[in-house]
Each structure stands twice: as C-alpha cells, then as structure tokens.
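Only this structure's heavy atoms are used, side chains among them; waters, hydrogens and symmetry mates stay out. Naming: A, B, ... by sequence-line order, numbering from 1 per chain.
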Amino acid sequence: MPVARPEPQEPRVIAHVDMDCFYVQVEQRRNPELRGQPTAVVQYNDWKGGGLIAVSYEARKFGVKRSMRGDEAKMVCPSINLVQVPVARDKADLNVYRSAGSEVVTILSTKGKCERASIDEVYLDLTDAAKEMLLESPPELLELIFEEATKSNILGLPSDVSNREDSVRAWLCRADADYQDKLLSCGAIIVAQLRVKVLEETQFTCSAGIAHNKMLAKLVSGMHKPAQQTVVPSSAVQDFLVSLPIKKMKQLGGKLGSSLQDDLGVNTVGDLLSFTEDKLQEYYGVNTGTWLWKIARGISGEEVEDRLLPKSHGCGKTFPGPKALKNNASVKTWLDRLCEELSERIQSDLNQNKRIAQTLTLYARACKKNKSDSIKKFPSKSCPLRYGTVKIQEDAMKLFESGLHDFLGSQNTKWSITSLSVSASKIFDIPIGTSSILRYIKGPNSTVSPANLDCSSLPEDPSLGNKLYIAPNHEEHCEPSLSEKEDYGNNSNLAKQCQIKEEKKVSKKLTEVKGTCSILKFLSQSPVLSEKRKIDSLICSHPGPESSSEPNKAEEHKAAQYVDRNKFNTAGSNSASSSTWMFNVEDIDPAVVEELPPEIQREIHGWIRPPKQSSSKTRGSTISSYFQPAKSYSLQAIPILL
DNA sequence: ACAGATGGAGAG
DNA sequence: ACTCTCCAT
C-alpha cells in the first residue's frame, strides 16, 4: 500500500527521464538498418512468435502493443522487424540492456541527485542545479535559449499555436514568473541539455517530465513521446489532475484503482477531491488514505534517492504448459543455470561496484495435479547468500526442496513447476577500510601482490594444518609503519609475531605466520596464484561454526569442505582481471579473528550479521530442518579489495 | 498464465 | 527476519 511522505517546504525541481522503447533502441544501435523501421524486441520465438517486450513507435502506429505475440504483431504489421532478446543458458539474457541503461545513468547523474528507477528510467533532483542557473544565468537574460528546451511541452500553455516554440521560449524566459516556475524553467533547460547529451553519447532518445515532485514528473514524462519533454507548472497542476483518469496515477493501475472506481465511484483524480482525508482513511487505512488525499492535490513528498544501482539482482524463467518441470532433476538443471547467471551478476557487481549481497531467495510457481487446492502457492524461501556458483546452486536447491516440502504438506501427489527464479538482495557497499586486512597481512608499504606470495613450497603434510608460509618480499614486510601503528596500536599480536619471526629467521626465505591460516589459505587458494599447488594440503580442519549446535549437519559440513575446494574457480572465475577476492565465512577460523588487532576485528565485525535466533523451536521437525540450507552462518562473505 | 523477466515497496 | 502481496514496465 502506498504511503505519504512528509513534503519538503522548499520547492524542488524533479525530473523523470524515460527511455523511448528502450530495448528497441538498443537493438537499433546495434543494427542501424532497423532505425526508422517498425521494430519490436521479442523473447523466445518458438511459441506464436515469442512475446513482445518493446515496440518501436513506427510499429505502434500499426497497433502493435507490448505483450502481443510475434505472430499477432505480424498480422497487424506485416513489415515489422522482430529482433530476439539474446539467449544465454537457454534463457533470456537482458545484460546488454542493463549495461546500455548504465550508460544512460552515467550521463544523467551528472547534474544532481539521481535515482535509477528501473532499467530504463531515472528520477533526478535538479533543485540545486536549477537554483544555481537561476543565480548565474537566469533564462530571462539568456540570449539564446537552449534549442531543445524550446521544444518543451508546457502544461497549460496553448499548444495549437503556429509559433509554439516562440511561446515556449517566452514562457521559459518570462521575467514575471514566480520563483517556482523560474526554477522549473531552469530545470527544463538542464533536462534538455542532458537529453541532448544522452543522444550524442549513446544514440538513445528519451522523454522526460519536469515538475515539483516525483509523482507529477513521472505522470507527464510519457505524455509526449518519443524524444520530448513536458513541464508541469504548479499553476497547471489542478486543471491537469481533475480530468485525469484515476487509473493513470502511479500505484492506482491495479486493484486499489479498481476499488476506487467500483467502491467509491471515483473515475478521475478530480472525483477524489470530494472525499475528506478522514473518509479516505476510513476506507483504506491511515497510510493509504492520507496518500490518496494528497496525490489528488498533486502533493507528493517522496524524495529522489541517491542510487545509481539496483537494490537486487534476480533471474528467472517460466515453464509454461507442457514445458512445466515435473521432477527434481529438471528443476536442478534449471536452477543450476539460473544460479550460474545470478552468481555471475553478483560477482561483477562486487568487482565493479564493490557491493555484496546478503540474501538469496528462491521463488517458484507450482501446480499440484491433485485437484482441489491447486490454488495453493509455492512459498518463497530465503537464506544467507554465500558467494560462489556451486554454493548458490546448492543453497538454491535446498531452498527449493524446503519450499516443495511445505507446498506438498503431507500429500504425496504429482507436482509441476511452471516458474523458477532466484534473487540476490540486501546488497550493501563494502565498508571503507576493508582493504586494511590485506594491508595488514601484506604489511605497510608492501608491494606484495598475489603473484609474489610464494606458495610453491607449501607443506605437503596436511597435519601441518594451521600453518602456512608466506614469503616476504622485503624485510619490513611485517613492520608496522607509523600510521599503521596508530591504526592497530601496540597489541598487534600478529604484527609482533611477524616481526619477531622476521628478526629470528632473517636468513630464511620463508616466514612462518601463525593464526592466519584461513586468510592465507584463501590467498593461496586463489586461482590467481598457483594451479599446481596441492589443494589438499591446504584444507584446514577447523570445525564449521554450526557443527556444534547442529550435530546432524556436522558430517554434511565436513563433506562440504572438501567439495568446496572448487569454489574459487567459480566465485572468482574472472579474478585474474578482478580486483576483489571473496571468501565465505566458513573459510575463516573464528580463532583467527581474535588474534587480529582490534582495529581489524572491528572491521570484520562490521560485516557480521547477528546470528539468527535458534531455529530449533520454530523449525522443530527433523525433516524440515534437514532441508534448511546454511542458516547459521553469521557472516556470509568477506571481500578483500586489492 | 502477459506460455515474461525483472525490479521496488509495504504489511503481516 | 522472512514471507506474502501488490505494483510497474
């Protein structure tokens, strides 16, 4: 349910920028012959020509609509070009569109706060930029108003005049405008500039709405398309809203909008005005009631978030009709593919944006061939996200089994899965200072790089367990510098140890480092390092954090340790060119953390999520707890930035 | 059952 | 914290 936000007192300048039939434009850039042609982007061609997900404006003239089938489109528009979405791992792969969207965001985020609202839409808060322009070069003094800006559509301004651009120019420059409208004029000019820049640098056109809040900006960004922008002067708001069909309002396109129509007889936003706030709260609760009352008056306090990246990553596929998955093996096949893609995407998010996802969720839709209660939904399931393709695949499969268990209940009927998806959410920036762990290990001013770590003479004897050897590349390898001393204080056990060892074994090439087993294990296991090194000798035998509390999983965990030796091959598959390494919590020995200096400990604890409440009460059944994927890890992943 | 894929948000 | 439902494109 929508909720009203406190509105800022100061007038704002907000823009909503929407790419015109974006996927089509991306394909047209790739193949310029498609420009100016009726074109649609379609996914999966095999059934009735595939489903349309973007339609060019030339094709729209023929009545081609999104979510038509390719065959239908051909019927109404025989000359249409149907371009297929790229396919990877037997599923649609939208990555080309995602990165094209990023190109646009990069440009649009240069003039103020920018919120990526979707793959092809952003909100901008241009208040500051507009104010600045008003001070330094107010439109009324501008000799040459920016050409594109004069093509704006100004709500409330007669548009059927012969010299439209002149009247727009006059409006943008009028000296007697109130402060708010002057800011909007500046906003319109800035947006026009941005749109031209987007076109120049990406070849993509877009449309935009400029208003005092997000709601109005969004409402009008699509009013004049393609490649146009629309301004909403505050004086035009009321007239514009009164006649607006209620369903056109964002958030009212669904059931709430229908309820407004069917239950209250509200068909336009104007109709809403006759209801008091109390009355609306009575019908729809205090939150939604207040929100409705305000939006009817064009009031929306929603802020533009400063966020250029998505909050989650998901990938899924539907298995309609006869394609439904009917056994565990086929589910596993598809889940593995989906997880592979998801893993790649969170890995590149980590590498490129230094962000970590914490939660893995599995969604599915299922049918029971039983009879009556086939309306029952397949429950979604989440668990801590562990990096590495194989881990994600394993956890996702466990989530599926858990969900299926709940879905079937006690019944023992046939089932079929019509849709599967996995998603990674709760994504956080890696805290600054993260690299201090590696700095610490490497020592100050060290030029040690993974390649310098000498792992060629690692002990063959697994019983050496917690000892690994690292070759310093110069004497001061472990000597804390002045700043490092400040950072870590005097109780730097490891540094001291290193230092002592260094002094003792000054003649020796290898320095023994105690207590850093897990971290060094990680470093030495990285594919960046050596491939010939014996992995077996590196496997530490420290117990997993959950093995004591969940005896029934101890064995499983032990086995997993050995299976997991491949994890870095997948988690860091492109780590040769990457600047980030990941390892999972089970790869770090808690005892190691205690040996680290407080500063480092604090850093690590900053990444630790409080452990979940003991699940033994809520999940009493042995069966269901068996199906639970790893839940007891309090820390899923630790990044090391190089 | 948008025989799609992806994303965001609020409520319980 | 997890799950469900709704909404948008």
Open item on the list: Let me spell it out: for each of A:Tyr44 and A:Thr418, pick the nucleotide of DNA chain B with the closest heavy atom. Which residue's pick is nearer the 5' end?
Closed with: A:Thr418

- [ ] For the residue pair A:Ser56 and A:Glu58, confirm or rule out a side-chain donor-acceptor distance under 3.5 Å.
- [x] yes

- [ ] Give a yes or no answer on whether the side chain of A:Thr39 reaches the backbone of A:Gln37 with a donor-acceptor pair at less than 3.5 Å.
- [x] yes

Task: Qualifying residue for side-chain contact (heavy atoms from CB on, under 4.5 Å) with A:Ile346, from A:Ile427, A:Ile356, A:Ile392 - done: A:Ile392

Task: No-hydrogen, no-angle side-chain donor-acceptor test under 3.5 Å, A:Thr389 and A:Ser343 - done: yes

- [ ] Sort and list the pairs that fulfil side-chain hydrogen bond (donor to acceptor under 3.5 Å, both in side chains) and have at least one residue in residues 243-255 of chain A, not counting sequence neighbours.
- [x] A:Lys247-A:Ser258

- [ ] Please work out which of the three classes, parallel, tilted or perpendicular, describes the rings of A:Phe275 and A:Tyr283, given edges at 30° and 60°.
- [x] perpendicular

Open item on the list: Rounding to an integer number of angstrom, what distance separates C:dT5 and B:dC2 when you compare their P atoms?
Closed with: 15 Å

- [ ] Using a heavy-atom cut-off of under 4.0 Å over every strand shown, decide if A:Asp120 touches base, sugar-phosphate, or nothing.
- [x] nothing

Open item on the list: Base, sugar-phosphate or nothing for A:Arg66? Non-hydrogen atoms, less than 4.0 Å.
Closed with: base

Task: DNA chain B contacts among residues 309-324 of chain A, heavy-atom distance under 4.0 Å - done: A:Pro310, A:Lys311, A:Ser312, A:His313, A:Gly314, A:Cys315, A:Gly316, A:Lys317, A:Thr318, A:Pro320, A:Gly321

TODO: For A:Lys218, report the nucleic acid contact type (base, sugar-phosphate, nothing); a contact means any heavy atom under 4.0 Å.
DONE: sugar-phosphate

Open item on the list: I'd like the P distance from C:dC7 over to B:dA1, given in whole Å.
Closed with: 15 Å

Task: Spacing between A:Trp291 atom CH2 and C:dC6 atom P, to the nearest angstrom - done: 16 Å

TODO: Compare all side-chain heavy atoms of A:His212 with those of A:Val237 and state whether any distance is below 4.5 angstrom.
DONE: no

TODO: Mark yes or no for whether A:Lys354, through its side chain, and A:Asn351, through its backbone, hold a donor-acceptor pair below 3.5 Å.
DONE: yes

- [ ] Check the distance between C:dC2's P and A:Tyr363's OH and give it to me in whole angstrom.
- [x] 12 Å

Task: 5' to 3' contact window, DNA chain B with chain A (heavy-atom distance under 4.0 Å) - done: B:dA1 to B:dA11

Open item on the list: Contact between A:Val17 and A:Leu194 at the side-chain level, heavy atoms closer than 4.5 Å - yes or no?
Closed with: no

Open item on the list: Tell me the interatomic distance from A:Ile119, atom CD1, to C:dA8, atom C1', rounded to whole angstroms.
Closed with: 14 Å

- [ ] Among A:Val122, A:Ile14, A:Leu126, find the residue that satisfies the side-chain contact (heavy atoms from CB on, under 4.5 Å) test when tested with A:Val304.
- [x] A:Ile14

TODO: May I ask you to check whether A:Phe400 and A:Phe407 place their ring centres under 6.0 Å from each other?
DONE: no

- [ ] Name every residue in residues 245-269 of chain A that has at least one heavy atom under 4.0 Å from any atom of DNA chain B, in order of residue number, or write none if there are no such residues.
- [x] none

Task: Side-chain donor-acceptor pair present, A:Glu7, A:Ser300, cut-off under 3.5 Å - done: no

- [ ] Compare side-chain N and O positions of A:Ser380 against OP1 and OP2 of C:dC4 and report whether any pair is under 4.0 Å apart.
- [x] yes

Task: Stretch residues 84-97 of chain A: residues that reach within less than 4.0 Å of DNA chain B through a heavy atom - done: A:Lys91, A:Leu94

Task: Ring center gap for A:Trp334 and A:Phe319 short of 6.0 angstrom - done: yes

- [ ] Check every strand shown and say whether A:Glu302 touches a base, only sugar-phosphate, or nothing at a heavy-atom separation below 4.0 Å.
- [x] nothing

TODO: Check salt bridge (Lys or Arg N to Asp or Glu O under 4.0 Å) between A:Asp271 and all other residues, then give those that pass, not counting sequence neighbours.
DONE: none

Task: Between P of C:dT3 and CG of A:Asp406, the distance in whole Å - done: 9 Å

